[in-house]
Amino acid sequence: MKYDICIVGSGAGAGPIIYELSKAGYKVLVLEKGPWLKTADFSKDEMTATRRDAYIPNLKDERHVVEKKNASGQWRARSTYESGGDLWNGNCVGGSSNFMSAYFHRLKPKDFKLASTYGPIKGANIVDWPISYDDLEPYYTKVEEVIGVSGKVVPHKHLEPRSTPDFPHPPLATNIVAKWFVEGGKKEGFNIVPAARGIISEPKDNRKACYHSNYCGSFGCSSDAKASSRAALINQALATGNCEVRPDSKVFLLETNDAKKITKAWFYNQEDKKESVEAALFVVACQAVETARLLLMSKGPQFPNGLANNNNQVGKNLLFAGGGGGSGYIRFDELTEEDRKQFDIPLTFVNQALHDFYEIEDKSLGGTVKGGTIDFLIEHSNPMPKAMRSKYKNGTLLYGSELKENLKDYFTNQKRVRFEVFCDWLPNDDCHVSLDDEVTDKWGDPVGRVKINSHNQNVKVGKFLADQAVKVMQNIGAKKITQSITANPPTNLMAGGCRFGNDPSTSVLDANCKAHEVDNLYVTDGSFMPTGGSVPYTFTIYANSFRVADKILERLKKN
């Protein structure tokens with residue numbers, strides 16, 4: 001059977017394409033490398049979700065090679081199987097959107113014009129986007145309506161223009177500490193406002209409202225309230241009868257003909273046997289590292305360096321997220337009895353953010369520079385990290401009765417409050433994806449080699465933002481406040497590697513995310529982003545995928 005469109009991957013970049021084309025009556029095939037986990041398969045078992053890595057591949061079978069600078073400034077490469085770290089974020093139908101925290105901040109208009117607004121930065125490959133905020137705004141609105149976003153719009157000086165006055169679903173219930181953060185910000189003249197979440201606060205379609213399990217980020221949602229690609233989009237696409245999903249199908253080659261068009265997608269099926277499918281159009285959305293890896297592996301007479309890579313741009317300008325976080329502790333014995341009761345209830349949503357410093361004017365940073373976002377949180381209910389942190393006291397590893405007392409104190413006499421900082425990860429020549437020359441996966445294919453280097457500006461801006469967050473933490477009475485802003489990126493947020501642009505010599509994709517060199521190839525995960533902005537990427541990936549879906553539909557209707 002020849003399909004109208006074959007989509008490789010099923011996460012946030014794939015879901016809107018699957019949804020829109022299936023609804024429009026086109027035959028859609030989804031090839032997903034991971035298993036097909038359903039809602040009933042997601043439990044709140046902290047051992048399964050956070051200690052045993054149940055939702056990602058076994059690193060013995062599928063690993064990456066990560067190249068970083070050591071303490072001496074020398075580049076060193078190490079397999080993730082050796083290091084124990086990994087670059088996987090969710091390997092199943094719906095991808096990492098199943099496990100996201102779902103903080104849904106829009107990019108601001110200036111994010112689309114970083115180069116022309118703030119000028120060049122030495123050592124950073126920043127460019128303007130080929131589209132504007134106005135081009136994407138209707139699709140942010142569409143994401144809010146179709147997949148369901150909860151929140152409340154409150155004016156602030158960097159509030160982006162909106163075509164609707166508010167979010168379609170009311171805010172989720174929050175812990176009393178949310179009010180404390182707002183008041184703590186006011187003492188500094190800060191305007192801390194509600195943060196939207198891609199989690200529904202009331203039933204929608206066949207999905208139940210959030211029931212506040214307090215096991216959210218890193219966990220699959222057992223009520224489908226979280227707006228994963230699987231729950232919000234793919235399930236509805238399947239109901240049309242036009243969508244077929246094949247799990248456990250690892251694509252390793254996109255075959256092309258002399259006309260530089262893809263004719264087949266080759267994959268290993270559930271029996272690890274090679275199989276191929278044909279389609280008129282192909283979409284790749286495997287998350288940034290794996291998308292670049294697939295294109296680089298897809299070599300042929302027309303593309304000796306990899307598919308759509310005759311300009312050697314595939315894999316270049318990989319993005320993570322700049323910033324970091326910090327935390328402190330609020331002791332119960334320093335609260336009133338009423339405040340303690342409200343603070344100690346098992347309700348971990350805070351959903352408050354500070355955007356005042358999305359643009360910063362500071363001489364030490366070079367004048368007017370791009371800043372970022374600060375989100376305020378409470379420690380996750382998951383007891384495992386709490387127990388791990390209780391192993392030490394004043395730098396000493398505890399045993400026996402001392403450990404028991406420290407555990408009891410941690411769990412019964414205090415709560416950890418947190419902040420997360422997001423700022424631009426500036427693209428640079430030393431942050432990219434290639435194929436490793438020696439290490440292969442269980443199928444014998446070369447694994448992705450990921451070189452990671454952070455620009456100094458990432459850390460400078462991140463530390464400035466963290467200093468502002470610490471002021472708020474102090475104002476709410478937090479003690480033992482620490483911050484961690486480093487050049488080591490959070491690997492759950494990645495983009496770039498196939499940036500879009502108008503110049504075929506410096507970009508992989510055009511403004512509609514179609515490959516410059518391959519007429520029937522689109523890339524719709526975060527790979528398209530030339531710069532990442534200062535917010536988590538998922539909301540923008542969803543919005544852009546809906547935009548590209550419209551472009552593909554326009555094309556198909558003309559044929």
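Model, not experiment: these values are computed from the prediction. Numbers here are sequence positions counted from 1.
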side-chain contact (heavy atoms from CB on, under 4.5 Å) between C92 and F99, intermediate numbers included: CA-CA 11 Å; C92 56; F99 313 109; 3.9 Å; yes
Gap between atom CG of L31 and atom CZ of F282 - 0.5 Å precision: 9.0 Å
Set of residues satisfying side chain to side chain contact (heavy atoms under 4.5 Å, CB included) with respect to K110, sequence neighbours excluded: T117, Y118, E359
Within 45° cone and under 6.0 Å: R197 NZ/CZ vs Y103 ring: yes
Side chain proximity check, L377 to E420, heavy atoms < 4.5 angstrom: yes
More than 12 heavy atoms of other groups within 6.0 Å of K204 NZ: yes
Straight-line distance of D430 CG to I452 CD1, nearest 0.5 Å: 12.0 Å
Within-4.5 Å side-chain heavy-atom neighbours: D525 and V523: yes
Residue D41 excluded, over 12 heavy atoms near CG under 6.0 Å: yes
Whether over 12 other heavy atoms sit under 6.0 Å from K44 NZ: yes
Side chains of N235 and N206 in contact at under 4.5 Å (non-hydrogen atoms): no
Distance-only side-chain donor-acceptor flag, S327 / E379, under 3.5 Å: no
Closest heavy-atom pair and its distance - C498, L295: SG-CD1, 3.8 Å
Test log, rule side chain to side chain donor-acceptor pair (under 3.5 Å), inputs T174 and N351: CA-CA 7 Å; T174 57; N351 300 347; over 6 Å; no
R499 vs P427 side-chain heavy atoms within contact, under 4.5 Å: yes
N98 (side chain) donor-acceptor with S228 (main chain) under 3.5 angstrom: no
Donor-acceptor contact below 3.5 Å, side chain D128 vs main chain S116: yes
Donor + acceptor pair across side chains of S222, Y215 (<3.5 Å): no
Steps toward side chain to side chain donor-acceptor pair (under 3.5 Å) verdict (T39, R230): CA-CA 9 Å; T39 303; R230 176 192 57 84; 3.0 Å; yes
Side chain to side chain donor-acceptor pair (under 3.5 Å) partner of D375, the single match among R418, H105, Q352: H105
Test item: N492 side-chain N/O and N89 main-chain N/O as donor-acceptor pair under 3.5 Å: no
Heavy-atom pair with the smallest gap, counting every atom of F464 and Q468: O-NE2, 2.9 Å
Expected output: side-chain D111 to main-chain K108 donor-acceptor under 3.5 Å: yes
Working for ring-ring contact (aromatic ring centres under 6.0 Å, His included), residues F219 and H380: CA-CA 11 Å; F219 288 82; H380 205 291; 5.5 Å; yes
Inter-residue atom distance S298.OG - L521.CG, 0.5 Å rounding: 9.0 Å
Lys/Arg N to Asp/Glu carboxylate O, R293 vs D441, below 4.0 Å: yes
is_close_aromatic(H156, H355), centroid dist under 6.0 Å: yes
Pairwise distance CG(L465) to CG(L354) - rounded to 0.5 angstrom: 8.5 Å
I18/L233 under side-chain contact (heavy atoms from CB on, under 4.5 Å): CA gap, chis, key distance, verdict: CA-CA 8 Å; I18 298 167; L233 299 171; over 6 Å; no
Exercise: identify the closest heavy-atom pair between A225 and A209: CB-C, 3.7 Å
For N502 against A511, the heavy-atom pair lying closest together: OD1-CB, 4.2 Å
Polar side-chain atom of T291 near backbone of A288 as donor-acceptor pair, under 3.5 Å: no
With sequence neighbours excluded, residues passing salt bridge (Lys or Arg N to Asp or Glu O under 4.0 Å) with D86: none
Verdict with supporting geometry, K551 and K514, side-chain contact (heavy atoms from CB on, under 4.5 Å): CA-CA 10 Å; K551 302 299 182 183; K514 184 187 75 65; over 6 Å; no
Validation row: W129, M529 side chains within 4.5 angstrom (heavy atoms): yes
Residues 534-542, side-chain donor-acceptor partners within the protein, below 3.5 Å, at least two apart:
residue	atom	partner	partner atom	Å
S534	OG	K370	NZ	3.1
S534	OG	G371	O	2.9
S534	OG	D424	N	3.4
S534	OG	D424	OD1	2.7
Y537	OH	F320	O	2.0
T540	OG1	Y140	OH	2.7
Y542	OH	A227	O	2.7
Y542	OH	S229	N	3.0

Pairwise side-chain contact, I131 with R547, heavy-atom cut-off 4.5 Å (strictly under): yes
Other residues, nucleotides, ligands: >12 heavy atoms within 6.0 Å of K463 NZ: no
Closest contact, heavy atoms only, D510 versus F500: O-CB, 3.2 Å
4.5 Å side-chain heavy-atom contact, V417 and F181: yes
Full working for ring-ring contact (aromatic ring centres under 6.0 Å, His included) between Y55 and W88: CA-CA 9 Å; Y55 304 129; W88 300 109; over 10 Å; no
Short side-chain to backbone donor-acceptor contact, T48 and E46, under 3.5 Å: no
Worked check of side-chain contact (heavy atoms from CB on, under 4.5 Å) between V472 and F419: CA-CA 10 Å; V472 178; F419 63 86; over 6 Å; no
Distance-only side-chain donor-acceptor flag, S132 / D134, under 3.5 Å: no
Backbone N/O of G326 and side chain of S484: donor-acceptor pair under 3.5 Å: no
Test item: V369 and K460 side chains (from C-beta on) under 4.5 Å apart, heavy atoms: no
Closest heavy-atom pair and its distance - D224, I200: O-CD1, 4.4 Å
Donor-acceptor pair, side chain of T80 and main chain of H64, under 3.5 angstrom: yes
Pairwise distance SG(C210) to CD1(I199) - rounded to 0.5 angstrom: 6.0 Å
Point-to-point distance, once rounded to the nearest 0.5 Å, from NE2 of H516 to OG of S507: 3.0 Å
Salt-bridge criterion met for K33 and E290 (N-O under 4.0 Å): no
Heavy-atom donor-acceptor pair, D166 side chain to V153 backbone, under 3.5 Å: yes
N91 side chain to G95 backbone, donor-acceptor under 3.5 Å: no
